[in-house]
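Working notes, structure below.
For clarity, every value in this text was computed on a predicted model and none was experimentally measured. So that the names make sense, note that chain A is the first sequence line, chain B the second, and so on, each numbered from 1.
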Amino acid sequence: MEKTINFIPIDYDYFDFNGKNYAKIVGRMENGKRACIIDECDVYFWAVLKEKVSDNKIDETRKKIEKIKIKNKLRESEVLKTEIHEKNFLGKKVKAIKIFITNYKDARDFADKITFHEIDKRREFDLGFITRYILEKKLKPLNWYEIKGEPLIDEFGVNNLEADICLKVNSIKKIDKEAFIPRVLAYDIETDEFEIGKGHILMISIVGENFKKVLTWKGKTKANVEKFNDESEMLEKFVEYVKIYNPDILTGYFSDGFDLPYLKARAEKNNIKLALGIDNSQPSFKRSRMLIGRINGIVHIDLFRFIKTTYSQYLQSETLGLNEVASELLGERKTEWQHIPSSKISEEKWEEYFEYCLNDSILTYKLAEKLWPDLLEFTKIIQEPLFDVSRYSMSNQVESYIIHNTDKFDEIIEKKPLNKEIGERLEEGKYEGAYVLQPIPGLYEGLVFFDFTSMYGSVIVTFNLSKSSFLEKKEPDSLEVNIGKKVFFSKKPAFFPEMLKEIIEKRKKFKEEYNKNPTPILKARSNAFKLLTNAAYGYQGFFGARYYCREAAASTAALARKEIKETISFIEKNGYKVIYADTDSIAFLKENKNKKEILELLKKINSALPGIMELDLEDFFKRGIWVTKRTGEFGAKKKYALIDEKDKMRIRGFETVRRDWCDLSRETQNKILELILKNGNEKKSVEYLKEVVRKIKSRQVDLNEIIIKTQLKKSIEDYKSISPHVTIAKKMKEKNLPVKIGMLIEYYIAESSDKKALVRERAKALDESGKYDIDYYLKHQILPAVENIFEVFKVDVNELFDGKRQKKLGEF
DNA sequence: GTACACTACATACC
DNA sequence: ACTGGTATGTAGTGTAC
């Protein structure tokens with residue numbers, strides 16, 4: 001008996017049954033109950049025919065293809081049928097054979113066997129089944145559908161599923177329904193060893209809506225804390241609570257790489273099953289570059305990964321740890337907790353530890369709520385499952401967007417590059433990128449900043465730069481670009497620039513909508529299109545891209561250079577003095593002109609700009625300072641400080657904004673820049689500097705002011721050059737402290753009897769006692785940060801740092 | 001023994 | 001190797017004088 005449900009697909013999976021592929025999709029119905037639907041779809045790929053193959057030959061080829069069989073240990077696959085279609089491929093009309101097969105996993109093997117002379121290319125054999133399913137059936141994640149289907153009782157093993165209804169799909173119809181709010185459960189674990197599975201899990205916190213718990217087998221029971229006899233009982237209860245809460249999303253912070261694999265490892269050790277899946281399966285892990293943890297029927301989201309890959313560019317945070325990210329996005333910090341061996345934790349201290357653990361889950365839960373609009377919008381726009389979108393890199397997001405938007409263009413999808421092709425692409429080396437104007441150092445009064453809106457994106461659209469419009473040789477009415485050699489692009493609109501044009505238009509539309517009606521959803525939607533726009537250029541220059549086109553990327557940069565240089569000349573021709581420019585922004589002196597005149601200039605520039613290119617007024621600034629490089633007397637690029645008419649500072653490139661400088665030099669430089677920009681001269685800042693120097697020399701500076709933090713970017717053994725932070729990392733490892741790739745190594749530079757000692761030999765971890773090296777902090781932390789600023793005013797601060805006086809002090 | 005060029009590395013800008 | 005190139009600047013290292 002056919003049943004009808006309203007359904008929102010959340011988690012996508014597939015399985016094989018009798019050699020065929022089936023999609024298994026878990027979601028919710030409007031009453032909040034869980035449903036699972038099972039569906040099949042055509043599985044096929046394309047064989048693109050060479051030009052001018054006769055119909056007879058095509059028929060022969062089809063027959064040959066239809067006879068191909070693939071036999072392996074698991075199954076026997078065959079070609080079900082073939083069809084001939086007129087399609088587009090990279091800007092050309094082509095004839096292609098659509099080859100329907102029984103199992104998508106064998107597509108590549110089939111493709112490898114189709115080597116007939118009449119066939120030019122094979123494509124779309126490298127799409128995942130879920131992607132193919134979503135493309136074919138248009139059952140897009142996190143949209144509402146009316147599903148008609150036959151209830152399943154025990155077919156396909158669905159009787160083991162914790163779902164209220166299971167249907168074998170007959171029909172799918174998109175319907176309009178209001179926003180969906182998922183059931184989210186956040187979790188966090190605390191362990192006594194950092195290495196996965198090595199120690200015990202001391203406690204697990206879980207937080208959902210009106211749901212807060214800490215499970216432990218340590219300390220004492222209290223409100224929200226449940227104590228168990230051992231780790232094993234605690235783990236079993238954790239699974240039980242997840243089942244009771246019945247979440248759509250289970251989320252952690254860095255849980256792909258830590259919490260989930262740790263839980264699984266400890267469950268194994270305790271001989272229990274971590275049956276979190278709705279089919280009672282255990283989490284499974286895939287190792288690509290990093291570990292990825294999947295739970296059947298529940299979307300496991302590692303918020304750290306989503307933030308790192310797609311969200312971090314909005315953030316100011318210097319690290320992407322939970323503490324900094326939560327404090328920036330939520331205005332809340334982690335609870336204080338000093339990690340000590342669990343054997344040394346006293347009764348009262350356990351309570352603090354529970355609080356700490358619970359708070360991590362609370363923050364994670366709140367972050368999930370905060371980021372939900374972004375996750376939702378990204379998923380709906382990219383059209384891949386939430387699980388994948390929350391982990392995709394930007395190039396992956398762009399590529400998936402393309403894949404799910406090719407049907408409008410009737411395009412056959414390009415294949416992923418093979419390793420050999422990637423090698424070749426990498427060998428081509430870099431191409432010339434953006435233009436940066438060399439500034440003349442000085443303090444300037446009254447500045448205007450213009451910038452191009454989505455410059456590279458608008459260049460790609462305006463000049464139609466892409467793999468499909470790239471021409472092997474010059475053609476009539478083609479665009480010629482010099483990228484070291486001459487390359488040509490067709491003017492016939494190609495699908496990549498067309499798609500990007502649409503993305504840019506949507507971004508504009510949703511931004512306007514957001515300005516009228518500022519909801520988080522509209523903001524997320526507009527941001528998603530902005531991110532896609534910004535990533536499109538990098539995508540075409542990325543060696544791993546299906547639509548990689550070095551010539552298009554290099555031409556985008558070349559044309560952007562041309563446009564900004566012409567704009568600079570134009571501004572200068574209109575009597576303005578241009579101070580600085582970088583890639584898509586131009587700074588010039590306002591002089592005695594008023595805002596209206598500046599806007600008129602802008603209008604004049606815009607009327608002459610080609611295509612959809614557009615220059616925008618970014619802001620006016622009261623003052624700005626540019627300094628020299630430390631080596632040589634030229635103005636430094638990418639380093640300047642501004643103050644706007646509301647006295648708000650904007651500092652770029654200076655040590656102040658670099659996390660690998662100690663707070664003392666960052667704060668000193670920041671204060672000095674502030675005093676100069678506010679007062680218009682250096683007088684007060686000299687006094688300020690003198691005071692800082694005096695403090696350093698008289699050892700009045702606190703340890704936390706002089707800590708230098710440097711990231712460990714690879715494993716210790718891989719370093720060819722042993723710098724201070726690597727030395728400290730080594731020492732930490734010897735002391736059995738956790739040393740992981742990506743962590744910030746903290747140290748300070750101490751005095752040493754050996755004056756010739758290298759910096760790394762003087763570097764000390766924070767718990768090592770020592771006197772800070774006055775000379776080092778003066779000459780290597782403060783002086784470099786301020787010297788060039790004072791040089792602008794012809795003030796030589798070197799005498800303040802005189803080494804002799806400092807030595808005298810030390811002798812006392 | 002020191003000055004200098006060079007490499008390795010980290011981090012920022014857009 | 002998992003978006004692009006441009007740029008500054010420190011510390012370590014090898015070499016010329």
Side-chain angles (χ1 to χ4, degrees), chain A residues 288-290 308-310 313 318 391-399 416-417 419 422-423 425-426 429-439 451-452 454-457 460 531-550 552-554 556-558 560-561 564 580-586 618 627-632 634-640 650-661 665 708-714 718-727 744-745 749 756 758-763 776 779-781 784-785 787-788:
Chain A
S288 51
R289 206 160 30 105
M290 270 181 284
K308 192 180 166 192
T309 50
T310 62
Q313 47 186 300
E318 281 170 14
R391 287 169 177 79
Y392 273 173
S393 65
M394 272 325 284
S395 67
N396 258 319
Q397 312 273 29
V398 173
E399 193 152 283
K416 277 193 214 153
N419 280 341
I422 289 180
R425 290 174 179 187
L426 285 170
K430 286 189 169 187
Y431 55 85
E432 190 181 344
Y435 169 72
V436 189
L437 185 142
Q438 178 117 51
D451 63 2
F452 285 90
S454 322
M455 188 185 217
Y456 283 179
I460 292 170
L531 284 178
L532 281 178
T533 308
N534 292 342
Y537 156 74
Y539 174 80
Q540 292 204 98
F542 167 49
F543 54 76
R546 287 175 193 255
Y547 292 95
Y548 170 80
C549 183
R550 190 178 183 274
T556 307
R561 286 196 302 274
I564 195 169
Y580 184 62
D582 184 350
T583 314
D584 59 357
S585 69
I586 304 169
E618 148 113 71
V627 302
T628 54
K629 295 207 288 180
R630 262 177 77 68
T631 49
F634 294 112
K637 298 172 177 180
K638 301 191 184 286
K639 245 183 134 167
Y640 58 90
R650 188 165 105 175
I651 299 179
R652 293 288 127 96
F654 275 110
E655 283 75 0
T656 300
V657 297
R658 295 181 60 96
R659 68 168 182 203
D660 55 347
W661 285 73
S665 46
I708 298 164
K709 299 174 190 171
T710 315
Q711 192 182 25
L712 193 72
K713 310 236 337 165
K714 47 189 174 187
D718 291 345
Y719 279 91
K720 286 182 198 161
S721 169
I722 309 301
S723 41
H725 78 291
V726 180
T727 317
L744 285 185
I745 306 293
I749 306 303
K756 286 274 173 297
L758 291 169
V759 178
R760 67 164 176 237
E761 287 156 348
R762 286 178 284 157
Y776 177 84
K779 296 219 178 104
H780 291 261
Q781 287 286 325
E787 192 179 20
N788 303 74

What is the distance from [atom1] of [X] to [atom2] of [N], rounded to the nearest Å?
| X | N | atom1 | atom2 | result |
| --- | --- | --- | --- | --- |
| A:Asp660 | C:dT10 | CG | C1' | 9 Å |
| A:Glu761 | C:dT13 | CD | P | 9 Å |
| A:Arg425 | C:dC2 | CZ | C1' | 13 Å |

Residues forming a ring pair (Phe, Tyr, Trp, His ring centres under 6.0 Å) with [X], sequence neighbours excluded:
| X | value |
| --- | --- |
| A:Tyr776 | A:His780 |
| A:Tyr547 | A:Phe495 |
| A:Tyr537 | A:Tyr456 |
| A:Tyr719 | A:His725 |

Using a heavy-atom cut-off of 4.0 Å across all strands, would you classify [X] as base, sugar-phosphate, or nothing?
| X | answer |
| --- | --- |
| A:Gly544 | nothing |
| A:Tyr547 | nothing |
| A:Tyr640 | sugar-phosphate |
| A:Lys416 | nothing |
| A:Ile722 | sugar-phosphate |

Partners passing salt bridge (charged side-chain N to carboxylate O under 4.0 Å, His left out) against [X] (at least two apart in sequence or in another chain):
| X | result |
| --- | --- |
| A:Arg760 | none |
| A:Asp582 | A:Lys638 |
| A:Glu761 | none |

Query raised in the report: Under 4.0 Å between a side-chain N or O of A:His725 and OP1 or OP2 of C:dA11?
Result: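 Checking C:dA11 against A:His725, no side-chain N or O comes under 4.0 Å of OP1 or OP2.
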**Report entry** Phosphate OP1/OP2 of C:dT10: any A:Arg760 side-chain N/O under 4.0 Å
**Finding:**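 For A:Arg760, the contact criterion (side-chain N or O under 4.0 Å from OP1 or OP2 of C:dT10) is not met.
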Report summary line: Min and max contacting nt of DNA chain B in 5' to 3' order, chain A heavy atoms within under 4.0 angstrom, are B:dT2 to B:dC14
Query raised in the report: Which of these, A:Thr727, A:Leu712, A:Val726, sits in a side chain to side chain contact (heavy atoms under 4.5 Å, CB included) with A:Ile745?
Result: A:Leu712
Requested in this report: Rounded to whole angstrom, note down the P distance from C:dA1 over to B:dA8.
Outcome: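 Here C:dA1 and B:dA8 have their P atoms 16 Å from each other.
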Requested in this report: Summarise protein proximity over nucleotides 3-8 of chain C in one line of letters, 5' to 3': B for base, S for sugar-phosphate only, - for none, counting protein heavy atoms closer than 4.0 Å.
Outcome: BSBBSS
**Report entry** More than 12 heavy atoms from other groups under 6.0 Å of NZ on A:Lys714
**Finding:**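 It does: A:Lys714 NZ has more than 12 such atoms within range.
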